Each structure stands twice: as structure tokens, then as C-alpha cells.
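Along the sequence shown, the residues carry numbers beginning at 1. Because the structure is a prediction, the values reported are computed rather than measured. Numbering of ligands and ligand atoms starts at 1, following listing order.
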Amino acid sequence: MSNETTTEDTWTRFCELNQRRRAIRDFDGAPLADEDVRAVLREALLAPSSGNLQPYELHWVRDAEQKRRVARACDAQRAALSASTLVVVVTGSRIGERTAATELRYVESSSALDDAAKTYHREQLRKFRTFLRIARLLLWAPLQIILALVHPVHSLLPFGPTGMRNWTARSGIFAAQALLLAAAARGLDSCPMEGFSAKRVAKILRLPRDLVIPVVIALGRRSATARIEPRWRRPYADAVVEH
Ligand SMILES: Cc1cc2nc3c(=O)[nH]c(=O)nc-3n(C[C@H](O)[C@H](O)[C@H](O)COP(=O)(O)O)c2cc1C
């Protein structure tokens with residue numbers, strides 16, 4: 001098989017997958033095989049993240065009663081109530097710090113990295129750890145607000161507790177999107193949801209105070225009667241600016 005054919009096949013499969021993934025609100029509720037959910041979660045972990053710090057956890061809500069409670073905390077949305085299971089994306093700088101420490105241990109013990117690579121990663125991780133420790137401090141918050149007022153384009157800078165939480169959420173969302181596509185590839189359906197009470201979900205999952213929840217994902221298989229409208233997107237010329 002030529003390279004060209006392979007690329008074409010991959011592209012065709014990707015397009016099919018991207019079209020198959022829809023936000024589904026009516027699931028059949030049948031239990032999913034653990035290995036299917038685990039496979040999807042594993043693929044989600046391959047998503048890119050800032051500095052590879054992976055500042056997120058994917059909370060798979062397996063317990064039936066807990067799932068019911070989280071579903072009700074998702075504004076009792078149809079998608080959440082009918083889903084077979086739920087995955088809550090949780091992010092925060094403390095998770096990024098934990099990743100940095102784990103990665104440093106990996107770097108030190110790795111036989112796949114040469115000395116130059118190890119030196120590079122050690123230095124990068126040292127910078128990231130300093131950044132994570134210092135950037136989340138409250139003292140940056142007023143500075144961040146002023147900077148964002150003067151230059152709104154700086155609004156997303158990861159300084160101060162809120163800026164830092166937003167920054168971690170951004171990487172968490174990449175994992176969420178990878179999860180949605182992985183689910184579609186595994187023959188599962190999904191619905192990303194931001195309609196939920198973060199306070200209630202955090203309480204049910206007993207999350208530490210400083211973590212945030214960018215999105216909750218309903219997983220399952222669409223019911224035979226699920227209503228799926230034709231997809232509408234803005235025209236290319238409206239959404240894409242070619243410079
Ligand atoms: C960040 C985010 C939050 C969303 N929240 C909800 C939600 O709370 N409930 C819901 O039914 N759909 C939710 N959706 C799904 C969108 O409504 C859906 O993706 C959009 O209408 C496009 O449809 P499609 O995903 O089938 O292409 C959300 C999607 C995103 C990306």
C-alpha cells in the first residue's frame with residue numbers, strides 16, 4: 001500500500017469519525033463494557049497539554065448511585081440521566097505539579113532518553129514547577145486584571161488563582177475532545193455538558209477546593225429513538241480567516 005493511499009484512508013476514516021460524533025441526548029442506558037470505557041479514557045490521555053503537564057483527572061463515575069447523583073447535579077439533563085456512565089473532567093494546578101514530579105522521576109530513570117534529553121527535560125520541569133508554584137499566587141490577580149483591561153488580548157494569561165484554573169481547564173478540554181472522538185471510534189456516543197452545578201458535582205466526588213470542572217461527559221449508546229438534527233455550522237468563510 002502506498003503512503004498516499006494510507007493517508008487517504010486515514011483521512012476518510014477521520015472524517016467519518018468526526019461526522020459520527022454528535023452530542024447525543026438520548027442514550028439507551030445499557031451498561032458499557034469496562035474495557036471499552038478504559039480504552040477510551042486511555043486514548044483521551046494522549047491529548048496534548050500545555051508543557052505536557054496534563055493538569056487534569058478524568059473521574060469515571062462507575063458507582064450507580066453516585067452516577068445518579070452526578071446526573072441530577074447536571075441539571076438532571078436528559079443526556080446525563082439516560083447515559084450509561086459519566087466522566088467528569090477535573091483540572092487544577094496541583095494536578096500539574098503532581099505530573100511534573102512524576103515526569104521528573106520518569107526522566108531520571110528512563111533508558112530511552114539520552115543525557116542531553118534528560119538535561120533538557122530536567123531544566124524544563126524545573127521551570128514549570130517554579131511557574132506552577134508562583135503563578136497561582138493571589139498577588140498576581142490584580143496585575144492580571146489591570147493587564148487584561150489595558151490589553152484584553154492578555155486576558156488568558158495564567159496568573160493568579162483564577163487565571164491558573166482557566167489555564168488548566170484549557171488542557172482539560174483537549175483531553176475531553178480526544179475522549180469524544182475516541183468514544184466515537186469505539187462505537188460509543190457522548191455528550192459534553194457544561195450545564196451542571198459545579199459545587200454539587202465537586203461535593204459528590206469529594207474534590208479538593210482548588211480544583212475546577214470544565215466539563216462533564218455523558219457516555220453510552222444512542223437510543224433507537226434519539227432525535228439527531230442535521231448538523232449546522234457557520235460557513236467556512238465566516239469561521240476561518242485566511243491571512
Ligand atoms: C463546552 C460545551 C458544553 C456543552 N454543554 C452541553 C450541555 O450542557 N447539554 C447538552 O445537551 N449539550 C451540550 N453541549 C453540546 C452542544 O450543544 C453541541 O456540541 C452542539 O450543539 C453541536 O452539536 P454536535 O456536537 O452534535 O455537532 C456542549 C458542548 C460543549 C462544547
Per-atom contacts, ligand 1 versus Arg22 - under 4.0 Å to a heavy atom: 24 (P), 26 (O), 27 (O)

Ala23, portion touching ligand 1 at heavy-atom distance under 4.0 Å: both

Pro192 N/O to ligand 1 N/O under 3.5 Å: yes

Exercise: do Ser171 and Ser49 side chains pair donor with acceptor under 3.5 Å: no

Atom indices of ligand 1 within 4.0 angstrom of Arg21 heavy atoms, with elements: 24 (P), 25 (O), 27 (O)

Heavy-atom protein neighbour under 4.0 angstrom from atom 20 (C) of ligand 1: no

Test: Asp36 and Arg186 ion pair at under 4.0 Å: yes

Non-hydrogen side-chain atoms of Gln77 and Arg25 separated by less than 4.5 Å: no

Winner among Arg233, Arg78, Glu229, Arg25 once heavy atoms are compared against atom 17 (O) of ligand 1: Arg25

Minimum-distance protein heavy atom relative to atom 9 (N) of ligand 1: Gln77 OE1, 2.7 Å

Close N or O approach (Cys191, ligand 1; < 3.5 Å): no

Shortest non-hydrogen separation from Ile173 to Pro214 and the atoms involved: CD1-CB, 3.9 Å

Protein contact to atom 2 (C) of ligand 1 [nearest heavy atom, distance to 0.1 Å]: Glu194 CD, 4.1 Å

Ligand-residue contact atoms, ligand 1 with Gly195, heavy atoms, under 4.0 Å: 8 (O)

Residue Phe174 excluded, over 12 heavy atoms near CZ under 6.0 Å: no

Atom indices of ligand 1, in the order listed, that fall short of 4.0 Å to a heavy atom of Arg231: 27 (O)

Glu57 side chain to His59 side chain, donor-acceptor N/O pair below 3.5 angstrom: yes

Structural part of Gln177 in contact with ligand 1, heavy atom criterion under 4.0 angstrom: neither

Short side-chain to backbone donor-acceptor contact, Arg22 and Ile228, under 3.5 Å: no

Polar side-chain atom of Lys118 near backbone of Glu108 as donor-acceptor pair, under 3.5 Å: yes

